[in-house]
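One structure below.
This structure is a prediction, so every number in the text was calculated from the model and none was measured. Lettering follows sequence order; numbering is per chain, from 1.
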Protein chains: 2
Amino acid sequence: MKKTQHKKKKTRITKRRLLEEFKRAIKNKGLKYTPQREQVFKEIISTKGHFEIEQMVHKIRQKNIPVSRATVYRTLNIMKELGFVEEVIKINNKTIYEISIKEHHDHLICTSCRKIIEFQSEDIEKLQDKVCAEYGFLPKFHRLEIFGLCSKCQKKALARNNSKS
Amino acid sequence: MKKTQHKKKKTRITKRRLLEEFKRAIKNKGLKYTPQREQVFKEIISTKGHFEIEQMVHKIRQKNIPVSRATVYRTLNIMKELGFVEEVIKINNKTIYEISIKEHHDHLICTSCRKIIEFQSEDIEKLQDKVCAEYGFLPKFHRLEIFGLCSKCQKKALARNNSKS
DNA sequence: CTACATGCAAATTCTTTGCATGGCG
DNA sequence: CGCCATGCAAAGAATTTGCATGTAG
């Protein structure tokens, strides 16, 4: 019984554990665990969904940790190699990074208001695995984005059309 | 009977029809239908899957149609607005465009050799529609990319590991 | 003819890099 | 201490833009 309870805790303290994992990974690579790197990482795991570079630099400076864009880029590249951060989306010429550690979310992206709705579908993931198996492909992570109009923007579009005619 | 046959032709001459559609769309917008624009479009619809800018410029020049990168960019932006070309992927700092007209493909992307395998799964698309419905989201197009190792690279990785130990 | 398109080169934006200096281990 | 990290500024790369000239309609 107690053991089961203990296991459950794992999910609760994810952030702390992640930070430890990161620290270990960094050191394993013979790299140094600096305040900047720590803070970049902290910032990322407390960010839901996506983030951009400028945003990240800002947030970190607000915490009184001096950091340059260069360092953020460099840290992100390390994190990419270590597999903590995932591939990259581009929207309006801006690169948007995504965390690969947290449970994975797919996205509905409104092309009108740019709102991003996250969702998760086990069924879709199962089918993906099936496809991969067919091609002998070993999946590491994926990205599913559905572009379209969110309900609000649909209504707006409708309203516009009505007033026209 | 004959009517049915006739209908089938529609699918056969897609490229020609697409070109007409494009021409109409351009003119409807009060824009001009220039050789450059025509060629960019032709190039795109005869390209399977993805394409990059440099590649496109090259191909068009090879057909003896002078074109500048600027024009290709400008044309692509128009095509984006008109909905002929879709959102944009970024791999290694390069933007990769995709045609939105042709049947849609999803992708398995090998992170090692960069090979891109296209696939299609109606089942996945159905589930996507279901998700959209749940959120009252009106999908226009989507992008599904699964990153991982293709079978060849898996074998290579395996071979490396064996020789190590 | 007129308004829009093109090409060039300059400007912008995002990202990477070289080098001197700072700091983790 | 030694090596790696940081910051800055400069370099690079991708994309956009201003302007003079060309051309579709």
Side-chain angles (χ1 to χ4, degrees), chain A residues 19-20 22-44 50-58 60-61 63-82 85-98, chain B residues 19-20 22-44 50-58 60-61 63-82 85-98:
Chain A
L19 199 59
E20 282 311 310
F22 177 59
K23 193 168 178 175
R24 217 183 318 131
I26 284 272
K27 299 212 168 182
N28 273 348
K29 265 222 153 190
L31 304 175
K32 283 169 182 172
Y33 192 67
T34 66
Q36 284 83 351
R37 285 177 180 170
E38 173 171 301
Q39 198 56 40
V40 169
F41 192 79
K42 277 187 183 170
E43 221 39 78
I44 288 176
H50 315 90
F51 56 91
E52 300 173 19
I53 301 296
E54 275 315 305
Q55 197 191 105
M56 188 91 331
V57 173
H58 250 107
I60 295 173
R61 288 189 177 157
K63 308 231 159 141
N64 286 318
I65 307 220
V67 78
S68 62
R69 252 187 305 284
T71 296
V72 172
Y73 277 115
R74 283 192 273 236
T75 305
L76 281 173
N77 285 336
I78 293 172
M79 293 176 62
K80 263 199 264 175
E81 278 177 40
L82 296 177
V85 168
E86 268 177 25
E87 266 288 308
V88 174
I89 316 178
K90 200 181 178 185
I91 295 181
N92 288 337
N93 285 346
K94 295 210 168 176
T95 298
I96 296 185
Y97 294 84
E98 209 171 67
Chain B
L19 199 60
E20 281 312 310
F22 177 58
K23 193 168 177 176
R24 216 184 318 131
I26 285 272
K27 299 213 166 182
N28 272 348
K29 263 221 157 191
L31 304 174
K32 283 168 183 173
Y33 192 67
T34 66
Q36 284 83 352
R37 285 176 181 172
E38 175 171 300
Q39 199 56 39
V40 170
F41 193 78
K42 279 188 183 170
E43 221 40 79
I44 288 177
H50 314 91
F51 56 92
E52 299 174 19
I53 301 297
E54 274 318 303
Q55 199 190 104
M56 187 90 336
V57 172
H58 251 105
I60 296 173
R61 288 189 177 156
K63 306 232 160 143
N64 287 318
I65 307 220
V67 78
S68 63
R69 252 188 304 285
T71 296
V72 172
Y73 277 116
R74 283 193 274 235
T75 305
L76 280 173
N77 284 336
I78 292 172
M79 293 176 59
K80 262 199 263 174
E81 277 177 40
L82 296 177
V85 169
E86 266 177 26
E87 267 285 310
V88 175
I89 315 177
K90 204 182 175 184
I91 295 180
N92 287 338
N93 285 346
K94 293 209 171 178
T95 298
I96 296 185
Y97 296 84
E98 211 172 63

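- Separating the CD1 atom of A/I60 from the P atom of D/dT6 is a distance of 11 Å, rounded to the nearest angstrom.
- One can place NZ of B/K80 at 11 Å from C1' of D/dT16, the figure rounded to the nearest angstrom.
- Applying the 4.0 Å criterion to OP1 and OP2 of D/dT15, one finds that B/T95 has a side-chain N or O inside that range.
- Between the P atom of D/dA5 and the CZ atom of A/F41 lies a distance of 17 Å, rounded to the nearest Å.
- Of the two residues near DNA chain C, A/I53 and A/R74, the one whose nearest nucleotide lies more 5' is A/I53.
- The shortest distance between the side-chain N/O atoms of B/T71 and the OP1/OP2 oxygens of C/dA5 is not below 4.0 Å.
- For A/R37, a side-chain nitrogen or oxygen approaches OP1 or OP2 of D/dT6 to under 4.0 Å.
- Residue B/K27 has a polar side-chain atom (N or O) positioned under 4.0 Å from OP1 or OP2 of D/dG25.
- Distances shown here put every side-chain N or O of A/S68 at or beyond 4.0 Å from the OP1 or OP2 atom of D/dT6.
- Nearest nucleotide to the B/Y97 side chain, out of C/dT15, C/dG7, D/dT15: D/dT15.
- Counting only heavy atoms from C-beta outward, the side chains of A/M79 and A/F22 approach each other to under 4.5 Å.
- Of the side-chain N and O atoms in B/Y73, none sit less than 4.0 angstrom from OP1 or OP2 of D/dT16.
- At a threshold of 4.5 Å between non-hydrogen side-chain atoms, the residues A/K80 and A/Y97 count as touching.
- Contact of the B/I44 side chain with the B/M56 side chain is registered, since non-hydrogen atoms from C-beta on lie closer than 4.5 Å.
- The closest side-chain heavy-atom distance from A/I53 to A/L76 is below 4.5 Å.
- A straight line from CD of A/E38 to P of D/dT6 spans 12 Å, rounded to a whole angstrom.
- Of the candidate nucleotides D/dT16, D/dG25, C/dT15, D/dG25 has the atom lying nearest to any side-chain atom of B/Y33.
- Taking atom CD1 on A/I78 and atom P on D/dA5, their separation rounds to 6 Å, with Å as the unit.
- In this structure, the side chains of B/V67 and B/Q39 stay at 4.5 Å or more apart for every pair of heavy atoms.
- Between the CG atom of B/N77 and the C1' atom of D/dT17 there is a distance of 12 Å, given to the nearest Å.
- Toward the 5' end of DNA chain C, the nearer of the two residues B/I65 and B/K32, judged by each one's closest nucleotide, is B/K32.
- Close to C/dG7, at under 4.0 Å from its OP1 or OP2, lies a side-chain N or O of B/Q36.
- With contacts defined as side-chain heavy-atom distances shorter than 4.5 Å, the pair B/R37/B/I78 qualifies.
- Heavy-atom nearest nucleotides on DNA chain D were determined for B/A70 and for B/P35, and the one closer to the 5' end corresponds to B/A70.
- Going from atom CD of B/Q39 over to atom C1' of C/dT6 covers 16 Å, rounded to whole Å.
- Out of D/dT15, C/dT6, C/dG7, the shortest distance to the side chain of B/T34 is found at C/dT6.
- Here the C1' atom of nucleotide C/dA5 and the CZ atom of B/R69 are 18 Å apart, to the nearest Å.
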